[in-house]
Q: 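The structure's right below; bear with me while I get my questions together.
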Amino acid sequence: MALATNMRRNACVVTNWLVASGKLNFLSVGSENPSFSIIRKMNGLRIFGNQLEASRTYATSCAKLSDEIQKENSDSNMLVDSFGRMHTYLRISLTERCNLRCQYCMPAEGVDLTSSPKLLTRNEIIRLANLFVSSGVNKIRLTGGEPTIRKDIEDICFELSNLKGLKTLAMTTNGIVLARKLPKLKECGLSAINISLDTLVPAKFEFMTRRKGHEKVMESINAAVDLGYNPVKVNCVIMRGFNDDEICNFVELTREKPINIRFIEFMPFDGNVWNVKKLVPYSEILQTVAKNFTNLTRLGDHPTETAKNFRIDGHQGSVSFITSMTEHFCAGCNRLRLLADGNFKVCLFGPSEVSLRDPLRQGADDNELREIIRAAVRRKKASHAGMFDIAKTANRPMIHIGG
């Protein structure tokens, strides 16, 4: 029953997005729409037959789906947007501070940081997280800034990991201090780890991050492997003229260890001097990998997956591509963001934010907070504006938003 519900939910998510974006018009019963072929197959599962039913039948089906979702969780409609996307993944930024100064994350002159009294306390983080989890979120990722520099990080992990209904507690980190903290973090319930590393050359690392520390990041990757994290995900933003010559070297890391290299397209944020000439598209990165590594096989991806995942025969690890700019995955987006200052953001690339901190501190009860969240989620758009419009849209630096 749960599998059937999830399959129909994902089908409705994609169809709603296609309708909203004008890529799909309903045809009469028995007719065939060529543009619909992109959702006829999903990860090898046949989602639809050869015929597309009329819009009335579709609407009835989605209405039944909504009823089933509500039966599964009476508060889950707080997390369903106007296109039928159910949001089960919450990214929480714990701090705006960082011990690196990565060029694509922070402008050279730095950024104004929110004063400590205006940041969410541990108790506020746990209360809001519990609100989301009790409404259907089953995965939380801790980000920053750099989350490991927060002094109460172990306590936060312990309390979050004990929330009823949470299946995965993950963290994205730069790895500078992770090696010595990871054993305790694992004891406190941290179940998945992403480590950011954009070059395997120490001198280039220092240039990109404006700090030393390459060897510490490599030590953290190895520590995560030794502690049994599988896979250990390594995030690598590819930029033309900087590290596009290291693609194959990164792939080599997957040969002997359970490492998932995640190549990320360069994305525009305030202050990172984004330029389309720096962007290396997914198609080009994939071509480079395929040319140098035989038997590259595409894996089946969940409809809400952000990455396109591949396996290489003979390698313990895997290779993934996050194609936010050239092949966005908005149709299956299930992610929401809670920023360190308590602002709630429904789209990474959208400027719209709403404060949860202020009503929380003014005494709002859980139902009032749910209404604020529900309204924000319902306003989420079908997709982001496209990379060129994003580059011209006012948004916060990545260090404010959370990686």
Side-chain angles (χ1 to χ4, degrees), residues 6 8-24 39 58-59 62-63 65-66 69-70 72-73 75-93 128-129 131-141 143 267-270 302-306 322-325 327-339 341-359 368-387 389-396 398 400-403:
N6 286 335
R8 292 208 303 280
R9 175 189 291 144
N10 292 327
C12 289
V13 166
V14 179
T15 309
N16 265 324
W17 174 79
L18 287 168
V19 172
S21 59
K23 298 180 185 294
L24 173 64
I39 61 172
Y58 163 76
C62 282
L65 174 61
S66 297
I69 293 173
Q70 287 184 325
E72 290 174 9
N73 190 323
D75 294 318
S76 65
N77 62 347
M78 175 186 96
L79 303 175
V80 179
D81 67 15
S82 59
F83 305 102
R85 294 173 295 199
M86 174 67 178
H87 297 77
T88 58
Y89 182 1
L90 178 66
R91 302 175 69 101
I92 302 177
S93 176
L128 290 172
L131 194 64
F132 281 96
V133 172
S134 65
S135 300
V137 163
N138 56 38
K139 179 177 180 178
I140 288 177
R141 177 173 297 280
T143 69
M267 298 176 282
F269 294 97
D270 275 12
H302 189 276
T304 61
E305 175 64 77
T306 61
I322 299 178
T323 63
S324 305
M325 297 294 95
E327 294 185 21
H328 70 69
F329 33 82
C330 301
C333 182
N334 69 337
R335 290 163 296 285
L336 302 169
R337 292 173 179 266
L338 180 62
L339 280 55
D341 63 3
N343 274 14
F344 177 53
K345 194 174 180 72
V346 297
C347 176
L348 172 62
F349 300 108
S352 178
E353 299 177 5
V354 60
S355 177
L356 297 181
R357 178 201 64 202
D358 292 347
E368 290 170 322
L369 291 170
R370 282 193 179 96
E371 285 303 318
I372 296 171
I373 295 167
R374 180 181 291 108
V377 171
R378 294 288 293 180
R379 290 193 296 268
K380 185 169 181 173
K381 296 182 179 180
S383 65
H384 67 58
M387 59 183 173
D389 286 333
I390 290 171
K392 295 182 290 185
T393 301
N395 200 356
R396 294 216 241 177
M398 194 62 182
H400 278 172
I401 297 172

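This is a predicted model, so every value here is computed, not measured. Sequence positions, counted from 1, serve as the residue numbers for this chain.
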Q: Kindly give the heavy-atom pair with the smallest separation between M86 and S135, and that separation in Å.
A: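 Closest approach of M86 to S135: CE-O, 4.0 Å.
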Q: Find the distance between CZ (R91) and CZ (R141) and round it off to the nearest 0.5 Å.
A: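 Going from the CZ atom of R91 to the CZ atom of R141 covers 5.5 Å.
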Q: Between L338 and G342, which heavy-atom pair has the shortest distance, and what is it?
A: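 Shortest heavy-atom contact: CD1-O, 3.9 Å.
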Q: Indicate the atoms forming the closest heavy-atom contact of K380 with D81, along with that distance.
A: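 Heavy atoms of K380 and D81 come nearest at CD-OD2, 4.0 Å.
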Q: Can you see which heavy atom on R378 is nearest to which on V80, and at what distance?
A: CD-O, 3.6 Å
Q: With rounding to the nearest 0.5 angstrom, report the OG1 to CG distance, T143 to L339.
A: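 T143 atom OG1 to L339 atom CG measures 8.0 Å (nearest 0.5 Å).
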Q: So L356 and I372, side-chain contact (heavy atoms from CB on, under 4.5 Å) or not? Walk me through it.
A: CA-CA 8 Å; L356 297 181; I372 296 171; 3.8 Å; yes
Q: What's the spacing between L336 CG and I140 CD1 if we round to 0.5 Å?
A: 11.0 Å
Q: How long is the gap from SG on C347 to CZ on R335, to the nearest 0.5 Å?
A: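 Rounded to the nearest 0.5 Å, the SG-CZ separation comes to 9.5 Å.
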Q: As a quick check of understanding, evaluate side-chain contact (heavy atoms from CB on, under 4.5 Å) for S134 and M78, giving each step before the final call.
A: CA-CA 11 Å; S134 65; M78 175 186 96; over 6 Å; no
Q: Measure the OG-CZ distance between S93 and R337 for me, rounded to the nearest 0.5 Å.
A: 9.0 Å
Q: How close do A382 and C330 get, heavy atom to heavy atom, and via which atoms?
A: O-CB, 3.5 Å
Q: A331 and R85: which non-hydrogen atoms are nearest, and at how many Å?
A: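 Minimum heavy-atom separation between A331 and R85: O-CD, 3.5 Å.
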Q: Ring centroids only, cut at 6.0 angstrom: are F132 and F344 within range, meaning strictly under it?
A: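 Yes.
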Q: Closer than 3.5 angstrom, by distance alone: can the side chain of R379 be matched with the main-chain N or O of R374 as a donor-acceptor pair?
A: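 Not at all, since once roles are kept as given, no pair shorter than 3.5 Å links the two residues.
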Q: Hey, does V354 have a side-chain heavy atom less than 4.5 Å from the side chain of I373?
A: no
Q: Indicate yes or no for a side-chain donor-acceptor contact from R357 to the backbone of D341 under 3.5 Å, with no hydrogens or angles considered.
A: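 Present.
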Q: Is L369 close to P359 at the side-chain level, that is, under 4.5 Å between some pair of heavy atoms?
A: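 The answer is yes, as the side chains (C-beta and beyond) meet within the 4.5 Å cut-off.
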